[in-house]
Amino acid sequence: MKAEDYAESAALVTEECTKALKAIEPEKVLEYLEMLTGARKVFFVGVGRVLLSLEAMAKRYAHLGIDTVIVGQITEPAITKDDVLIVGSGSGETMFPAGIAGKAKAIGAKVIHIGSNPNSGLKDVADLFVRIPVESRAKAPDEIHSEQPMTSLFEQSLLLFGDTTALMLVREKHLELDKLWEYHANLE
């Protein structure tokens, strides 16, 4: 290993993330934001590193005044027809998120799937599919290849998608950044 390996690896990661974010359809992003801001509450479900990215998204949206909930938290309220469930799953086949999506849909909530596989079982459940077309276990021919391990590019892109859409909301609503601190945790 050499000192320049860090700069080379950092460049690869950021270039892959940039390519992935640019490949997301802008019209889908606008639909996503409309559903997000029209919901009473926004629920998030995923597993593993995807869940960590979703938790960061939920926290950032909460800073913007959006009522967010992580599925499985002890204080999780009931989902209703006025709510949205955001499912993070690259493959769209992960059992727990897929099962939760089906249940939310049956209750009448809107379901948004953010993933990479447009042909997953979630296509029959989701009201909106936002595709981050990066390499997944599905190995579709049009996926963006990554040199990073496993599905790192999906998780990174999901996190950056959350921050990108949060910035769009800040600009759209003309929110003053200094005033957002009222939503920040203060028991730290």
Side-chain angles (χ1 to χ4, degrees), residues 16-17 20-21 23-25 28-29 31-33 35-36 38-62 66-166:
E16 286 187 358
C17 286
L21 290 174
I24 298 170
E25 293 179 44
K28 296 290 185 180
V29 176
E31 279 185 69
Y32 168 85
L33 288 171
M35 289 175 72
L36 183 82
R40 182 183 64 98
K41 291 185 185 304
V42 180
F43 290 71
F44 295 81
V45 67
V47 296
R49 287 172 37 119
V50 168
L51 177 58
L52 295 175
S53 294
L54 291 172
E55 287 175 335
M57 285 173 65
K59 181 66 171 176
R60 180 61 67 222
Y61 291 155
I66 295 170
D67 194 351
T68 62
V69 177
I70 303 295
V71 171
Q73 287 182 338
I74 195 69
T75 56
E76 176 188 342
I79 196 167
T80 72
K81 63 177 180 51
D82 299 319
D83 302 321
V84 168
L85 173 71
I86 296 176
V87 180
S89 175
S91 69
E93 301 294 345
T94 310
M95 189 182 314
F96 177 70
I100 294 295
K103 185 157 189 175
K105 185 70 172 181
I107 291 169
K110 296 275 189 260
V111 175
I112 299 171
H113 174 210
I114 305 174
S116 56
N117 180 9
N119 299 311
S120 76
L122 283 175
K123 74 177 184 289
D124 298 326
V125 177
D127 295 283
L128 176 66
F129 175 57
V130 178
R131 186 174 189 217
I132 302 175
V134 300
E135 199 164 50
S136 70
R137 288 181 286 172
K139 302 289 184 205
D142 66 340
E143 293 177 343
I144 296 168
H145 173 69
S146 177
E147 292 184 40
Q148 298 180 64
M150 303 172 80
T151 58
S152 292
L153 182 56
F154 178 74
E155 294 122 22
Q156 293 158 351
S157 300
L158 180 60
L159 174 66
L160 293 172
F161 174 80
D163 283 340
T164 301
T165 53

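Being a predicted model, the structure only gives us computed values, none of them experimental.
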- request: State, yes or no, whether a side-chain contact exists between Ser89 and His113 at a heavy-atom distance under 4.5 Å.
  value: yes
- prompt: Yes or no on side-chain hydrogen bond (donor to acceptor under 3.5 Å, both in side chains) for Glu143 and Ser136, after CA distance, side-chain angles and deciding distance?
  reply: CA-CA 8 Å; Glu143 293 177 343; Ser136 70; 2.7 Å; yes
field: Nearest heavy-atom neighbours spanning Ser157 and Leu21
entry: O-CD2, 3.7 Å
- prompt: At their closest point, which heavy atom of Ala109 faces which heavy atom of Ile79, and how far apart are they?
  reply: CB-CD1, 3.7 Å
query: CG of Leu159 to CG of Leu54: how many Å apart, nearest 0.5 Å?
result: 9.5 Å
Heavy-atom side-chain contact between Leu85 and Val71 under 4.5 Å: yes
query: Considering residues, nucleotides and ligands other than Glu147, do more than 12 of their heavy atoms fall under 6.0 Å from its CD?
result: no
- prompt: Is there a side-chain contact between Ile100 and Phe43, using heavy atoms and a 4.5 Å cut-off?
  reply: no
query: Shortest non-hydrogen contact from Glu93 to Asn117?
result: OE2-ND2, 4.4 Å
message: For a side-chain contact (heavy atoms from CB on, under 4.5 Å) check, start with the C-alpha distance between Thr151 and Glu155, then their side-chain angles and the critical distance, and finish with the verdict.
response: CA-CA 7 Å; Thr151 58; Glu155 294 122 22; 2.5 Å; yes
field: Residues Asp83, Lys41: salt bridge by 4.0 Å N-O rule
entry: no
query: Less than 4.5 Å apart, any side-chain heavy atom of Arg60 and any of Asp163?
result: yes
- request: Please report the shortest heavy-atom distance between Leu33 and Thr165, naming the atom on each side.
  value: CD2-CB, 3.8 Å
message: Are the side chains of Val42 and Asp67 in contact, using a 4.5 Å heavy-atom criterion?
response: no
query: Once you round to the nearest 0.5 Å, how far does OG of Ser152 lie from CD of Glu16?
result: 9.0 Å
- line: In terms of heavy-atom contacts, Gly92 and Leu122 come closest through O-CG, 3.6 Å
message: So does Phe96 get a backbone contact from the side chain of Thr94, meaning a donor-acceptor N/O pair under 3.5 Å?
response: no
message: Could you tell me if the side chain of Lys105 sits less than 4.5 Å from the side chain of Asp127, heavy atoms only?
response: yes
field: Smallest separation among heavy atoms of Lys28 and Phe129, with atom names
entry: CD-O, 3.7 Å
- prompt: Just how far is it from atom SG of Cys17 to atom CZ of Phe154, taken to the nearest 0.5 Å?
  reply: 12.0 Å
message: Quick check for you: to the nearest 0.5 Å, what is the distance between Leu51 atom CG and Phe44 atom CZ?
response: 11.0 Å
message: Within the 4.5 Å heavy-atom criterion, are Asp142 and Arg131 side-chain neighbours or not?
response: yes
- prompt: Distance-only, no hydrogens or angles: does the Glu55 side chain make a donor-acceptor pair with backbone N or O of Ile70 under 3.5 Å?
  reply: no
message: Let's go through Leu158 and Val50 carefully: what are the C-alpha distance in whole Å and the side-chain angles of both, what is the deciding distance for side-chain contact (heavy atoms from CB on, under 4.5 Å) to 0.1 Å, and is it a yes or a no?
response: CA-CA 8 Å; Leu158 180 60; Val50 168; 3.7 Å; yes
- prompt: Do any N or O atoms from the side chain of Asp82 and from the backbone of Arg40 form a donor-acceptor pair under 3.5 angstrom?
  reply: no
- prompt: Nearest 0.5 Å, what's the CG-CG distance between Leu160 and Leu153?
  reply: 9.5 Å
- prompt: What is the distance from atom CD1 of Ile24 to atom CD1 of Ile132, rounded to the nearest 0.5 Å?
  reply: 4.5 Å
message: I want to check something: taking the side chain as every heavy atom from C-beta on, are Val84 and Leu36 in contact at a cut-off of under 4.5 Å?
response: no
